[in-house]
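Indexing begins at 1, ligand by ligand and atom by atom, following the structure's order.
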Amino acid sequence: MTISEKPQYDCIILNGTVVTAADVGCYDIAIKDGKIMLLAPTGYLASAPATRVIDAEGAYVMPGGIDAHVHLAEPPLFGKGRTADDYATGTKSAIAGGTTTIISFAPQDKSQSSLLGALDETSIKAANQAYCDYSFHLLVSNPTSQALDEFSILRERGISSIKIYMTYEALQLRDNQILDVLLKARTEGITTMIHAENGDVLNWMTKQLEDRSLLAPKYHATSRPQILETEATNRAIALGELIDTPILIVHVSSPSAAEVIRRAQTKGLPVYAETCPQYMILTRDDLDKPGFEGAKCVCSPPPREGAEDHEGIWAGLQNGTFTILSSDHCPFVFDDSENGKKAAITAEFPQGHFKYIPNGCPGVETRLALTLSANRLTPQKFVELTSSNPAKIYGLYPQKGALIPGLSDADLTIWYPSSTLDPFPIQNSTLHHNVDYTPYEGKMVSQWPRYTLIRGEVVWDRDNGGVVGKKGYGQFVKRDRSSLSSSNSSPWNIENF
Ligand SMILES: *[C@@H]1O[C@H](CO)[C@@H](O)[C@H](O)[C@H]1NC(C)=O
Ligand SMILES: *[C@@H]1O[C@H](CO)[C@@H](O)[C@H](O)[C@H]1NC(C)=O
Ligand SMILES: [Zn+2]
């Protein structure tokens, strides 16, 4: 090579077992200008000129993980607690776990009548901070006519999804408000994510527990039994059917809610669903640890009763009931009596009160390794649930979630060759979040991402420097409408009823 000759490729990845949602095969991959340029049979690129060469040594090479449910730098909307990770620490944790794009939330406060302030404030928090690419779901808590009119502006600004809540005083919408949101979302080509738990019932359950002074962390689970999730899921589906518009039920924890979703899908309704590792791994016993330890695993919906529930969730992942697998990373420091889990311990409640425990667990870094290590999904299904489908439903495909030459960003997660990594326990101290614990401490994994690449740049190199990406490298990505099936094409018409 002479001095003037530029290498043909910026990076090549040799000897990969390349996995997409459709296929597994032995390929070399060439990258140029941040994009996938070429996939060729193994060996084909062995001596191609490139600035950087990575030998995958037969390991899985996948489109980078997309985590479509991440809470970062949010104000205390749910009562006590402040999300411990900001856009820097949360996205650093993401890349160390093989995730190349996150979608977090821009939360509208109930006192705001517009959505655009929330979008601007969140954009400022993320600007020049992120280690991975990102977008926002608009969290709609006050669907004023102004807010609804702004849905078209959200689309212009590359936001094609919103999230609403059927619980939490500060966020809960009534059914008529949900219908307003769904109808406007239908018109503008927006996917509506719904947190489905019946807020009124859970307040009533909480009162029953308080009357009996049952306040320990484990009663968080008692206050929110499966039926309250199943009821709300059923109601959300009915409201979505009335408007004929796509909805996605977030963080489904209960097999009975999954069954309701499955039935709707079988009817041909555009109903999608998400679950999270906590619902395949944790149980309500994790909330019943000595002292206040159980608070670490308090999230909503709560971890369910046991193995049978976990099996139901795995079945739904395997058989297509679940469209995506996200983390619902919602980090609170445990040992912090101001903004963390221990804020629930007060003079009035010296043993703590479950109602005041900030809801959420960290998990953006552990999502992929825990799920792949469980060995319950084919590698294609794993890619579909953790990367391709999130890209499709949230309008990022095929820029993200695919390896299509010329079209897809060179976002990749490269694992270790099989059986070269001894199984090891997850330990908080090796993670990159800004939290003082992981709910998965001691859980064994047999895999971990060895390299993470974003737009052709190596940002995580586990054996040589760890996080090698730079703060601020992550970019906001504009999103289009969902490419999964959506509403009937004719306009919604009250006279059809
Ligand atoms: C698929 O999984 C769902 C959720 O667990 C379950 O309700 C349903 O029975 C399963 N369907 C089939 C055909 O296995
Ligand atoms: C947990 O891990 C984080 C990230 O490495 C670290 O900052 C924190 O000190 C750890 N806390 C404990 C109690 O191990
Ligand atoms: Zn959430």
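Distance from atom 4 (C) of ligand 1 to its nearest protein heavy atom, with residue and atom name: Ala258 CB, 3.6 Å. Nearest protein heavy-atom contact of atom 2 (O) of ligand 1 is Asn319 ND2, 2.4 Å.
Put simply, His71 gets within reach of the Zn ion (ligand 3), with an N, O or S atom under 2.8 Å from it. Taking backbone and side-chain atoms together, His69 has an N/O/S atom less than 2.8 Å away from the Zn ion (ligand 3).
At least one cation-pi condition fails for Lys125 and Tyr87: the charged atom is not both under 6.0 angstrom from the six-membered ring centre and inside a 45 degree cone around its axis. A cation-pi arrangement is present between Lys392 and Tyr397, with the terminal nitrogen or guanidinium carbon under 6.0 Å from the aromatic centre and inside a 45° cone about the axis.
Between Gly312 and ligand 1, an N or O atom pair is found at a separation short of 3.5 Å.
For Asn434 (side chain) and Ala84 (main-chain N/O), a donor-acceptor pair under 3.5 Å exists by modelled atom type.
Contact atoms of ligand 2 toward Ser429: 5 (O) (distance under 4.0 Å to a heavy atom of the residue). Taking a cut-off of under 4.0 Å to the non-hydrogen atoms of His433, the atoms of ligand 2 that pass are 3 (C), 4 (C). The Leu431 neighbourhood of ligand 2 comprises atoms 4 (C), 5 (O), with distances under 4.0 Å to a heavy atom of that residue.
Ligand 2 has Val435 within reach: a non-hydrogen atom of the residue lies less than 4.0 Å from it.
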